Engineer: 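What follows is a structure written as structure tokens; I'll ask about it next.
Everything numeric here is computed off the predicted structure, so don't read it as measured data. Computed over heavy atoms, backbone and side chain alike; hydrogens, waters and symmetry mates excluded. Below, read A as the first sequence line, B as the second, and so on, with proteins coming before strands; counting in each chain starts at 1.
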Amino acid sequence: MNERLAVASLATLAVLAVLVAPWAAFNRETGARSAILLLPNRTIDFTGRTEALRAPGQRVVLSLSLVALGALIGAAALGARARRIVWIAAGGALLVTTMWGLDRFGGAVDEQRLIAVTLAIDDAIDGARPTLDIERLEEIRTTVGERSVAATIEAARTAGLIIRRLPYAGAALGPAAFLALVAGFVALVAGLRVVRAVNRPLDRVLAGAAVPLVSIVLALAAAAVVILVLQPTPQAAGVVIDGPLMALAGRLDTLWYAYYTLFAGSLGTVKGFADALSFSTPLIFTGLAVGFGFQAGLFNIGAPGQMILGAIFAMFVGLYVPGPAAVVLPLAIAAAALGGGLWGALPGWLKARFGANEVINTILLNFVASSLLLFMLSSNPTFAAGAVRVLQLLGVVIGSMLVAYLVPWGRRALGRRPRLTLAALGVVVLVGATILSQPQPGDTPQVLRLPFKVPGSEPKSYEIGEATRLPRLAGLFGLDLRRAPSENQVDLNVAAFIAPLGGLATLLLLGRFRPGLRVRTRAFVALVLGAVAYSVLVVAGLGGFALTVPITNLNGSFLIAIGAAVFVHFFLFRTTWGYELRATGLAPKAAEYGGANLRRNTVLAMSISGALAGLTATHYVLGGALEDYALRQSIPINDGFDGIAVALLGGNTPVGVVLAAFLFGVLKNGGSSLNITFSDLTRDVVSMILALVVLFIAAKGFLGEGYTNPLRRAMALGETPTEATGEGEADARAQRPPVYGPPPAGADAAGEGSAPAAGAPSTDREDPS
Amino acid sequence: METVVLVTLAASAVRATTPLLFAALGGLFSERSGIVNIALEGIMLFGALTAALVTYYVELPVLRETPGARVPYAPWIGLLAAMVVGGGVGFVHALVSIRYKADQIISGVAINLMAIGLPAVILTGLFANSTTSAPVANRLPSWTLGPLTFSPLVYGAFVLVPIVWYVVFRTPFGLRLRAVGEHPEAADSVGISVIRMRYTGVIISGVLAAMGGAYLSIGAFNQFITEMSGGRGFIALAALIFGKWHPLGVLGATLLFGAFQALETQLGGAALLPPTVVQSLPFILTMLVLAGFVGRAIPPKAIGKPFHKG
């Protein structure tokens, strides 16, 4: 995509938006009914109760915005240098104008709100009802200008006066202003390419983030269609849609507010942010799990099942292993990883041993795990006596298999003819089962009472012991909100977080740009800079940042998730094993030729992947994110599928996964507000967006090879690639109109590992169905 | 007494086979052309949803006029709509896999994910309930043929087997389809349009899988429930491998799985085993089958690989 085209079309869109779309909203009632403002001074009211509001400066903002946007479009025709300079100037102007306009508008709205509050207080003082503290109200009345509106309302409430029904709820950004800001920002960034030092990092970011970004935008756009179809414009009874402009503005406002709801809660408040982090915790684990599999060339769709097994294992440790937290808690975490790891190793082994495709097997194991969980948490499952005998038979057979496998010659004997062994076993089991399942006189059904299941029909286990519980956010700050709910203020030393980070960054940057310096010197410089930064930050007042700790499900599991991401990064990119796994994923044949053991790697990769998925139990069971610290049937295993979207969006790298998981955490948290705010939308909109993201990323954002293939992109940018042979030529030919002829020999081999020679059966062969 | 049980078991096995057979035969077209179609599960769900919704909205105006009236054509229109939508979803899968050369498994997974989210969103919009559609009054009828009484789709599925066999193994179209899946470059060199054959294969697979889904919602049942396919698409895929990508093999494999599902219902119903245990049996069976101890399956050689036209 050409940057001129991009900026110009974005600016055109912004022009249209500034002309006909809502620029700001100044009243918002429950049910998302709104009163919105279109530049200049056009009010459209869907609440039926809101007065028009005249705010100063709107004509100025409108004309300046249009001029700046026009300059952005016009500059596309200029030469590179002039164009970029105009973009910087006009983009900056657009940002400043819009911010200024919003600020003025917000001021006007606040003024009106303040007037209304003052009037309400005056009325109350005149009325002098006995429930009111009149002296206090008069004091508030005299100081009304010194406080914010919200603070005044709060103060009046303490004096017994509850003020409701303000004429305006407050000023909020509208889609037109948002688009203007985006256009300004994009133009500014594109313009900065005039500075040579910006080019390379910008290119790198664009190359890495283009497909995910475009995919997200496309997914949001596709979801917009669904939202518009399903959700009519919220309006009060009696409001008549008057003309096409009002209808259009209403639709745009609905769409805008739906997305606003999805994002604002999480990004605007501390509690929302913490909740978003809480939602993203399991997604980090499952995203890492799927991404790890992808890196090794395996598609692990079994994260849901691995989550369940991890949760079951963690629950067992939590319930039955006594001891101090320092021992039991790590044990429970390890158990979660072990459970998921074993459930992942099974399809890995099936693939390595029998060449059974891991995609279908992991899917099937999800169903098996779901049934297992349901079985464990169902109330008193009943077995017929015959069935119990069959299960005993199975136990004996599996037990003797295990014993045979532990004895070396037994393992050899079984391993020589694996299929025959399995078939014979199958016959033994089938015949035995048929005989044993015949009803015999005196049989009574056997009721199983599972010891960990709570009595009653609720599908959950007992709560795990205190020692194996991970603390929630408040607990991490040393607070106990259950015992003392009001003591939730902490002094957060922000400086102590930032300063070491700054020091570390200095250390790394010095290493990159001044490699000649000795480590000792670098460390000293970093230390000094960190100390200076710390003192500056403390002076700036960040030493004791008063934080009200919200009540949230965010818990210690988040730290484990970050730790897991660091571990995966280190493992994949800093160890020989990781290197081998990645090599196996890129080109299995070549890796095998280079000495990698494909079978072992397959099992290893699936085990680690499964273990990562199993660690979600630290959030849902040990972290108590589902109401209490118990294993529940409601454990949201769809997180496992969402992990696919997270991994793909994050490019299968740990850093990308964490970022993508945070984005989806925000969306999921917003999804719950969507349920409440809109009558016809549900949180399922979010799962749809996730699915669309996967689809669009699979299609490489519909960007075409010219953008996604680094070689061709370099050619499009006018830089001569140094190695324009083989793949490049084949791709160039692929772009030509169809001509029948022999296929390029390099085309297939240039892709993923090509098939082995015909008729050579081998277990590592890709047969992806 | 014993025979009654057996007849019931056989009949319910045939019913359980029907959606699997549709999906597996659909998958056969797709995979024979070289495109992995793990989206069968999702396409079934889309088919089931469309069938239920269209039937409901076709019969609605008539039922408003005269409550309790029969609207015999409604489910057929629903079925047709399901086939169209199934073909459409198949087209999306084909577009992403062929035109944009996406990883076919990821594309299929995306469609499966969509089939979980989108129905819930649509149902909420239409019925203020995110898990079920309103029940339809007119399901597909039951046709009695001698001693058999089944939904027409049941007969359809079994009649389809020889038709598919004939199409795939005895017509030029079938030959081209197989050629494209085995060796696209060779097929291309003799003038077969690989791209068009693959699009056709995947779209047919969508149409057939959607028929299986429609059977679930308006044949065997009278409404759509989210995730009502319950893994049948994946089992169908396994049946396709087990049946070695051959219609007759597929018939045998789906009958086996169908019989197992019927047995599952009987076992669970008779309180022999807890239903939760029985539920997992077909999946375990499928895994054992996939492990290949019943004979190794050789897939179409070019399966899963995007075709780069020379």
Engineer: Starting at CG of L365(A), measure out to OG of S280(B) and round the result to the nearest 0.5 Å.
Structural biologist: 10.5 Å

Engineer: Mind checking whether S130(B) and D684(A) have side chains closer than 4.5 Å, heavy atoms only?
Structural biologist: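 Yes, close enough: below the 4.5 Å cut-off.
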
Engineer: If I measure from the heavy atoms of chain B, does L374(A) come under 4.5 Å with its side chain, its backbone, both, or neither?
Structural biologist: both

Engineer: List the steps and the verdict of side chain to side chain contact (heavy atoms under 4.5 Å, CB included) for V92(B) and L695(A).
Structural biologist: CA-CA 9 Å; V92(B) 171; L695(A) 187 70; 4.0 Å; yes

Engineer: Side chains of D680(A) and T124(B): does their closest heavy-atom pair fall under 4.5 Å?
Structural biologist: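 The answer is no, as the side chains (C-beta and beyond) never meet within the 4.5 Å cut-off.
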
Engineer: Where is the tightest heavy-atom contact between A110(B) and V694(A), given as atom of each residue plus distance?
Structural biologist: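 Where A110(B) meets V694(A) most closely, the heavy atoms are CB-CG1, 3.6 Å.
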
Engineer: What are the two closest heavy atoms between A698(A) and A102(B), and how far apart are they?
Structural biologist: O-CB, 2.8 Å

Engineer: Which value, rounded to the nearest 0.5 Å, describes the distance between F354(A) atom CZ and M287(B) atom CE?
Structural biologist: 11.0 Å

Engineer: Using a cut-off of under 4.5 Å on heavy-atom pairs, state which of L350(A), I227(A), N361(A) scores highest against chain B.
Structural biologist: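 Highest number of pairs under 4.5 Å: N361(A).
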
Engineer: Enter the distance from F367(A):CZ to I284(B):CD1 here, rounded to the nearest 0.5 Å.
Structural biologist: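 The CD1 atom of I284(B) is 13.0 Å from CZ of F367(A), to the nearest 0.5 Å.
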
Engineer: Give, as side chain, backbone, both or neither, the part of F294(A) having an atom under 4.5 angstrom from any heavy atom of chain B.
Structural biologist: side chain

Engineer: Does any backbone or side-chain atom of I116(B) lie under 4.5 Å from a heavy atom of chain A? Answer side chain, backbone, both or neither.
Structural biologist: side chain

Engineer: When you compare the side chain of F299(A) with that of V109(B), does any pair of heavy atoms fall below 4.5 Å?
Structural biologist: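 With C-beta onward as the side chain, the pair touches.
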
Engineer: If you measure from CD1 on I363(A) to CD1 on I38(B), what distance do you get to the nearest 0.5 Å?
Structural biologist: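 Output value for this atom pair is 4.0 Å.
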
Engineer: Examine whether an atom of V685(A) lies under 4.5 Å from a heavy atom of chain B, and if so say whether it belongs to the side chain, the backbone or both; otherwise answer neither.
Structural biologist: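 Contact with chain B: backbone and side chain both.
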
Engineer: Between I122(B) and chain A, which part of the residue has a heavy atom less than 4.5 Å away: side chain, backbone, both or neither?
Structural biologist: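 The backbone, not the side chain.
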
Engineer: From L113(B) CG over to I689(A) CD1, what is the distance, rounded to the nearest 0.5 angstrom?
Structural biologist: 13.5 Å

Engineer: Given heavy-atom pairs under 4.5 angstrom as the criterion, report whether the side chain, backbone, both or neither of A128(B) touches chain A.
Structural biologist: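 Neither part; nothing is under 4.5 Å.
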
Engineer: If you define the side chain from C-beta out and look only at heavy atoms, does anything of N366(A) sit under 4.5 Å from F234(B)?
Structural biologist: no

Engineer: For residues I360(A) and L237(B), determine if any side-chain heavy atom of one lies less than 4.5 Å from a side-chain heavy atom of the other.
Structural biologist: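 Result yes, sub-4.5 Å side-chain heavy-atom pair found.
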
Engineer: With a 4.5 angstrom heavy-atom cut-off, could you sort out which part of L372(A) is near chain B: side chain, backbone, both or neither?
Structural biologist: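 Looking at L372(A), nothing touches chain B.
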
Engineer: To the closest 0.5 Å, what do you measure between CG (L690(A)) and CE (M114(B))?
Structural biologist: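 The distance works out to 11.0 Å.
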
